[in-house]
Amino acid sequence: MFKRENLPAEASIFAVFVGIAVLFEVLGWAFVGKSFLGNVQRLEIIILQVSIFGIIAVGVTQVIITSGIDLSGGAVLALSAMVAASFAQSVDAFAPIFPQFLGLPIIIPIAVGLAVGAACGWINGAITAYTGIPPFIATLGMLVTARAVAVIYTKGQPVYSLSDSFTAIGSGAWPVLVFFVVAVIFHLILKHTVYGKHTYAIGSNEKAARVAGINVRRHKIMVYTIAGALSGLAGVVMCSRATIAQSGMGTMYELDAISAVVIGGTSLFGGRGRISGTVIGVCILGVITSGFTFLRIDFYYQEIVKGMIIVGAVMLDQRRQAKQRSRA
Amino acid sequence: MNNQDDIILRTENLTKRYGGVHALEEANFTLKKGEHVAIVGDNGAGKSTFVRQITGVEQPTSGDIFFEGKRVEFSSPLEAREAGIESVFQDLALCNDLDVPSNLFLGREELLFKFGPFSILDEKKMMQKAKAVLERTAIKIPNLSNHVGDMSGGQRQCVAISRSASFASKLIIMDEPTAALGVQETTQVENIIRGLKEQGVPLILISHNLRQVFNLVDKIWVFRRGRIVGEVIAAETDGNEIVSMITGMQGGVHEKASYI
Ligand SMILES: Nc1ncnc2c1ncn2[C@@H]1O[C@H](COP(=O)(O)OP(=O)(O)OP(=O)(O)O)[C@@H](O)[C@H]1O
Ligand SMILES: [Mg+2]
């Protein structure tokens, strides 16, 4: 018969998602006299908003599965966006950063953004793997440093006049598509490749992974590098959508990303989690933000509710872990 | 004298000190091809220390290890495993969040398509092989795709043991494989060990259960306070003699002891 345990873990998260959406629909009719879900434009905005930190969350999911953490997503996004944008200025830009590099083919700023992100991630991974410094501290250092470098890079000036071909990547539904493709690719990679298997193994029992012959250090560096590159990609998409890059972009996105991952059922203890869950977690955060705005509830109340949801998700995770440990 | 070619593993004056602790002192140990031996000794006698030196988990303070006639210095467990030494450590070393096939094949996965770290796993093949391995060992695990962490201690131990037993290797070392196992599970593990004997795979078994030792092995090595104090053929000795060697006390004081 129908048993809760046989359903994939995503089913219950998805149920929460649907529940929240329906709740806002009811509240909408009750207090605002309008439909929440019936507004296509609003749904589009939700999806666009969440796509950017969703791309970061795909990388953060992998890091958390290795029982690490990456706090640097938002800052790396900003630095990557600044550097990428400086290679994406149009021929007629006023006071360009690099007068000699104008009107470049868009592949160059994209590659530069990804490379900057990957380099930051590589540093996170190398510090975590080769020193005893916990990833929390290593990536916190990167958060501060990358944000500062992003400011210094243009002496605090934003980068404008991005070429039309570059801003096209962020227009329309492109950000959503990028998020979706990235999520699908890494969902499959985690599930079906050696990289994925070793990521789970390291998070589950690092010592056992090492004894089984996995090069744990090299693997961790790879995971953090991928997470960094995805933050870089998010930066490229974001500045291309905004048609401007600023050093303050993506502030607190790392927290939204981590929240989405945790809400999506990935365990902070490592060894468990899936990108599919993260995608639903990202959608939940998007619906909450949009729903509160729709109900004209103050931003700070939104943050309170988000905070409570995150703590609740972590508590659930701890309960699950404790149950498993008592059985083992 | 033994023919040199018959010997698979030999240690010469193998010594390990942890600071001032002399955990292992000048151990001279030999293991012949196809031979099953046990290492016995009281807690802290140096048995696990000995295993850690020959499996690359630790590096000896002094002395030499010869494997298949060649002097070896394993700098990691992986190197020892690549040389053909499989071990079941006292703490099992399983990934609780992975299923049985993933644990059995960790670090040496079957692949559908090779592409560096992004090689595609052949999950079907690993599942089939895992089934075959576990069938051969008569271990009952209802669903192999369950997480190992959700299984009983005995089932987990059986998974760890069949992992080492299922890869064609040149030497298998088991450190207290049946500690904490029930009657049926112990029997299953003992059957795995007998299977290895039939296949001619040499084995070093560490166990506190003397009856099990007598049932399973050809030869018994006795450790006491970091030293090898004896090497006896199982068929030519009895529990009393072994206990005397373990404790270093003579005489028939062990008549009523329950460990034999
Ligand atoms: N890492 C270490 N640092 C310091 N001393 C150690 C270390 N590992 C083992 N020892 C000491 O070395 C001695 C031998 O320990 P070992 O683990 O080899 O014993 P054992 O024979 O396997 O015992 P048991 O039957 O309890 O498993 C003990 O006195 C132990 O305290
Ligand atoms: Mg021991």
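So that the names make sense, note that chain A is the first sequence line, chain B the second, and so on, each numbered from 1. Below, each value reflects all heavy atoms present in this structure, side chains not excepted, and no hydrogens, waters or symmetry copies.
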Heavy-atom pair with the smallest gap, counting every atom of [X] and [Y]:
| X | Y | answer |
| --- | --- | --- |
| Leu121(B) | Thr193(A) | CD1-O, 3.5 Å |
| Lys191(A) | Glu123(B) | O-OE2, 3.8 Å |
| Asn96(B) | Ser204(A) | N-OG, 3.1 Å |

Verify the neighbour count for atom [atom1] of [X]: are there more than 12 heavy atoms of other residues, nucleotides or ligands below 6.0 Å?
| X | atom1 | result |
| --- | --- | --- |
| Phe66(B) | CZ | yes |
| Gln184(B) | CD | no |
| Tyr18(B) | OH | yes |
| Arg108(B) | CZ | yes |

- Message: Are the side chains of Met222(A) and Pro117(B) in contact, using a 4.5 Å heavy-atom criterion?
- Response: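 A side-chain contact under 4.5 Å exists here.
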- Between His192(A) and chain B, which part of the residue has a heavy atom less than 4.5 Å away: side chain, backbone, both or neither?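 Both parts, backbone and side chain.
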- Task: Can you tell which part of Leu111(B) gets under 4.5 Å to a heavy atom of chain A, answering side chain, backbone, both or neither?
- Result: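 Contact with chain A: side chain only.
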- Between Leu78(B), Val57(B), Leu106(B), Asp122(B), which residue shows the highest count of heavy-atom pairs closer than 4.5 Å to chain A?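 Winner by heavy-atom pair count: Leu106(B).
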- Quick one: of Ala80(B), Ser102(B), Gly56(B), who has the most non-hydrogen atom pairs under 4.5 Å with chain A?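 Answer, by heavy-atom pair count under 4.5 Å with chain A: Ser102(B).
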If you round to the nearest 0.5 Å, how far is [atom2] of [Y] from [atom1] of [X]?
| X | Y | atom1 | atom2 | value |
| --- | --- | --- | --- | --- |
| Leu188(A) | Ile120(B) | CG | CD1 | 8.5 Å |
| Ile185(A) | Phe118(B) | CD1 | CZ | 10.5 Å |
| Cys95(B) | Lys207(A) | SG | NZ | 11.5 Å |
| His198(A) | Glu109(B) | NE2 | CD | 3.5 Å |
| Leu98(B) | Lys197(A) | CG | NZ | 6.0 Å |

- Query: Okay, side chain of Arg81(B), backbone of Gly213(A): is any donor-acceptor separation there less than 3.5 Å?
  - Reply: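 Pair absent, no side-chain N/O of Arg81(B) close to backbone of Gly213(A).
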- Flag, side chain of Asn205(A) to backbone of Leu94(B), donor-acceptor distance under 3.5 Å: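 Yes; at least one donor-acceptor contact below 3.5 Å.
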- Message: Looking only at heavy atoms and a cut-off of under 4.5 Å, which of Gly196(A), Ala209(A), Ala212(A), Ala208(A) has the most pairs with chain B?
- Response: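 Answer, by heavy-atom pair count under 4.5 Å with chain B: Ala212(A).
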